Amino acid sequence: MTRKHLLACAFLISTFSLFAQTYITHVTVADVEKQRLLPDQTVVITDGLISSIKKSSTVKIPQNATVIDGRGKFLFPGLVDAHIHFSQNGGLYTRPDAIDLRKYMDYNNEIALARSDMETKLRRYLQNGITTVVDVGSSFNLLDARNGFKDNATTAQIFMTGPLLTTYEPAALANLGNDGVFTLTKTIEEGIKGVQQQLPHQPDFIKIWYIAGADGLSVEESARKNLPIVNAIIEEAHKHNLKVAVHATERITAQLAVENGADFLVHSVDDEVITDDFVALLKKNNVALCPTLVVPSGYMDTFGQKLELGTHDLQKADPYQLGTLLDLKHLPETSLIENYKKYANDPKNVEKLQKSDSISRVNLKKLSDAGVLIVTGTDAGNIGTLHTSSYLPELKAMQESGMSNWKIMQASTVNGAKLFGKENEFGTVTTGKKANLLLLDANPIVDIENVTQIHTVFNQGEAFKPNDLLQDSPTDLAQRQLNAYNLGDIEAFLEPYAEDVEVYAFPDQLLYKGKETMRGQYAQMFKNTPDLHCELKERIVQGNVVIDKERVQFGTETVEAVAMYHVENGKIKKVYFIQ
């Protein structure tokens, strides 16, 4: 062998040794396609891919490998949220077409936040085990921004379209340029042009907002009137090998969209129980359905001021957007707010929502049982449907429809990959696929809530502890405990505090010490105080100190106060109150 050949061999050997290898040993692997659990497996990750899956007893682990002990743990594919919107932040001010509060919050601030917060949203998704997201309607600016995250292992992977092609555009969201989320298409030519405008931005698919009845016609008349435009958009997209997703919540719009070539329905039909013929149509055309069951109640519960957000939401959602959902309790626009509250709590409207929710669930079960491809999606970003934390309520709603936990996990993993023909790349724990994985401390097939029991998230082969992906700032902690206070959730309220927290009357009078003493102070107050609500008037941050000026309502009594939160080692260690 020549010296040249020896050097080449040495280079290859050294290159192979640089490949990062991770061994997940003695783990139970979930085969979501065959609905089975494979115990005591060792899964090897090499250079971002799953390179081997074997019985642990047959695997010899090299000395330089990273080893993760999977005993008692369950390895699932990373989750997919197949319906989100980066252009919407999930809070009260994100849809001025739904409730116009622009006099209190400049909508340009919401747009700017959506653009600057994209990485944080993606990290938060990954932190919660969601390794892939599908944005089904965004702006050109956000579509272009997606390219900056392509090879970032700390953010979920993205499939994305640009502005929604629609025959109806809400006035509050018009004329926004490259920050706009709609392209108005009133003619066939405009529909074709709308597709062509997106091509330079390289969308992964095209989305139609098929709104019927906004033109004053009946739903069916309106749907048929606009059908030639819908058909032209679909045909133009297919010419460029782009699938088409369609927003269609009525049976007639969904049926017409599918008959004319739609690939993906992004909401449930909620106006009537579907027939066997409709099911057969979806199966024949290989159309996928994303049910988005929780988003309507997100709006109504926010407007009706009857939110029942749990500890999971309070700990996992963006704390600032969650906090805005409670602003209706103190905004001065009393007439507008009372009208929304009255509407949302009107027994007729409550019954209407319950009926449409029930129809959606019945239809989901029927389609799932028939073998139609179901994919999990939340419509996160809409008012009351918070990014990441809304995923668990969506899974529970799917479960309430009658879907088994195995089918829900299929919808949440491999079916999301199938949307774009990527099932050979990710979506199952299979040799050769991307190591986008979720290592859980408990089995979601037993209890679907166990998807939140995350030990490690793997993305592009890299392993992350959830808390390493996003670390709480002092203001995050202050906001989270404020949200929990307003919702009366004692466990979520106490979570940001240190076990040995000290509470003072300013400047130096120690009132009490310890989290358990704090529990006794607040639990009874949460239970017994009607209309407890704290409005944040002003916030000053200096290093690890957060100073909040607050107005607190205790029933009919209102108190002005200042709270100073001192943060140490990621927890609130001291609190000083000034009244």
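When a residue number appears, it is its place in the shown sequence, counting from 1. Source: prediction; values computed, not measured.
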Can you tell whether the side chains of Lys103 and Glu333 come within less than 4.0 Å, N to carboxylate O? yes
For the residue pair Phe205 and Phe420, is the inter-centroid distance of their aromatic rings smaller than 6.0 Å? yes
Between atom CG of Leu122 and atom CD of Gln127, what is the distance when rounded to the nearest 0.5 Å? 12.5 Å
Verify the neighbour count for atom NZ of Lys366: are there more than 12 heavy atoms of other residues, nucleotides or ligands below 6.0 Å? yes
Backbone N/O of Thr385 and side chain of Ser390: donor-acceptor pair under 3.5 Å: no
Validation: residues 252-259 side-chain donor-acceptor distances under 3.5 Å, sequence neighbours left out:
from: Thr253; atom 1: OG1; to: Glu250; atom 2: N; distance (Å): 3.4
from: Thr253; atom 1: OG1; to: Glu250; atom 2: O; distance (Å): 2.9
from: Thr253; atom 1: OG1; to: Glu250; atom 2: OE1; distance (Å): 2.7
from: Gln255; atom 1: OE1; to: Arg251; atom 2: NH1; distance (Å): 2.7
from: Gln255; atom 1: NE2; to: Glu259; atom 2: OE2; distance (Å): 3.1

Are Glu189 and Lys193 ion-paired here, with the side-chain N under 4.0 Å from a carboxylate O? no
Do other residues, nucleotides or ligands put more than 12 heavy atoms under 6.0 Å from the NZ atom of Lys306? yes
Is the ring pair Phe76/Trp406 parallel, tilted or perpendicular, if the boundaries are 30 and 60 degrees? tilted
Assess the pair Phe140 and His201: is the distance between their ring centroids shorter than 6.0 Å? yes
Can you classify the ring geometry of His267 versus His83 as parallel (below 30°), tilted (30 to 60°) or perpendicular (above 60°)? tilted
For the pair Ser222 (side chain) and Val219 (backbone), establish whether a donor and an acceptor sit closer than 3.5 Å, ignoring hydrogens and angles. no
Test of understanding: with ring pair (Phe, Tyr, Trp, His ring centres under 6.0 Å), list the residues that count as partners of Tyr107, not counting sequence neighbours. none
For the pair Lys433 and Glu425, find out whether any cationic side-chain nitrogen is under 4.0 Å from an anionic carboxylate oxygen. no
